[in-house]
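Okay, so here's the structure we're looking at.
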Amino acid sequence: LVTYNTMVNGYCRAGRIDDARRLIDDMPFAPDTFTFNPLIRALCVRGRVPDALAVFDDMLQRGCSPSVVTYSILLGATCKASGYRQAMVLLDEMRAKGCEPDIVTYNVLINAMCNEGDVDEALTVLRSLPSRGCKTDAVTYTPVLKSLCGSERWKEAEELLAEMAINKCAPDEVTFNTIITSLCRKGLVDRAVKVVDDMSEHGCIPGIVTYSSILDGLSNEGRVDDAVELLRRLRSYGCKPD
RNA sequence: GUUUUCGUGUGCUAGG
């Protein structure tokens, strides 16, 4: 079964949805949630949420129980298609069926709230996570930091970063890149360059994303020489420009 | 410290 699941996943990742379906129909084992999840996701990322929901119904009819992963996929897709308020229905549904949302589920939701401009709602969910037994991670915080920075709520962003440290949740490369990009977009390039130093101190390697964010910020201010200088520094950190 | 198979966060460019 794992063998077949691996191949179904391969077809799905390659976008060969029809081949994936054929393989599922022909496989000599009863497909399980690992079989269906990649198919559901492949349909969702192509915007075919109704088809994904049809597969979901099909798996239920075959007596295959959806997992927290299944619901998280559908939750994310519903958020993108119809907004998080619509998606909350799914959150309730999964809880009603005894499927407890996990940290990824909440990360999906928090991200959607941030994208829809409801950072404060996202913060409320974030703060509720410890009492729900979920360990927050860098992915939980990054979208919230992005939103706060985007609204220039710098102070709150710093407080949230401090909170991460208290929770022993280390910011990673993506977290730093997110902050750096936000600062650059607001014209605070010098501040962003300082964050690059913090980044290295935390053992994160500034990469191509870091560089292109800052380069963009610098060139928007006409500071091309500084950009070249920064490139030298990043090279010394082992970053190869593309 | 457990991913034999599934889900979440970051840039530039191009297109809209």
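Here is the naming used below: chain letters follow the sequence lines, and residue numbers restart at 1 for every chain. Note that the coordinates shown come from a computational prediction; the quantities given were computed from them, not determined experimentally.
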Touch class at under 4.0 angstrom, heavy-atom based, for Val104(A) against every strand present: base
salt_bridge(Glu163(A), Arg127(A)) N-O dist < 4.0 Å: yes
Length of the CG-C1' vector between Asp137(A) and G7(B), whole Å: 13 Å
Near-ring test Tyr4(A)/Phe34(A), centroid separation under 6.0 angstrom: no
Per-nucleotide protein contact string for nucleotides 9-16 of chain B, where B marks a base within reach and S marks sugar-phosphate only (heavy atoms under 4.0 Å, - for neither): BBBS----
Pairwise C1' distance for U3(B) and G7(B), with rounding to whole Å: 13 Å
Phosphate-side-chain proximity, Asn9(A) and C6(B), N/O vs OP1/OP2 below 4.0 Å: yes
Sugar-phosphate, base or nothing in reach of Ser72(A), heavy atoms under 4.0 Å: base
Any side-chain donor near an acceptor of the partner, Asp216(A) and Ser213(A), under 3.5 Å: no
Sugar-phosphate, base or nothing in reach of Thr105(A), heavy atoms under 4.0 Å: base
Nearest-Å distance for atom pair CG/P, residues Leu39(A) and G7(B): 13 Å
Euclidean distance, atom CG of residue Asn5(A) to atom P of U5(B) [Å, nearest integer]: 11 Å
Euclidean distance for P, C6(B) against U2(B) (whole angstrom): 16 Å
Distance, rounded to the nearest Å, where Leu1(A) contributes CG and C6(B) contributes P: 13 Å
Rounded interatomic separation in angstrom, taking CZ from Arg41(A) and P from U8(B): 5 Å
Gap between atoms CG and C1', on Asp32(A) and C6(B) respectively (whole Å): 9 Å
Sugar-phosphate, base or nothing in reach of Val68(A), heavy atoms under 4.0 Å: base
Pairs meeting criterion side chain to side chain donor-acceptor pair (under 3.5 Å) with involvement of residues 7-17 of chain A, two or more places apart: Arg16(A)-Asp19(A)
Residues Asp120(A), Arg153(A): salt bridge by 4.0 Å N-O rule: yes
d(CG, Asp102(A); C1', U8(B)) in whole Å: 10 Å
No-hydrogen, no-angle side-chain donor-acceptor test under 3.5 Å, Asp197(A) and Ser200(A): no
Pairing residues for Ser147(A) by the side chain to side chain donor-acceptor pair (under 3.5 Å) criterion, not counting sequence neighbours: none
Protein-nucleotide distance (Ile73(A), atom CD1; U8(B), atom P), rounded to Å: 8 Å
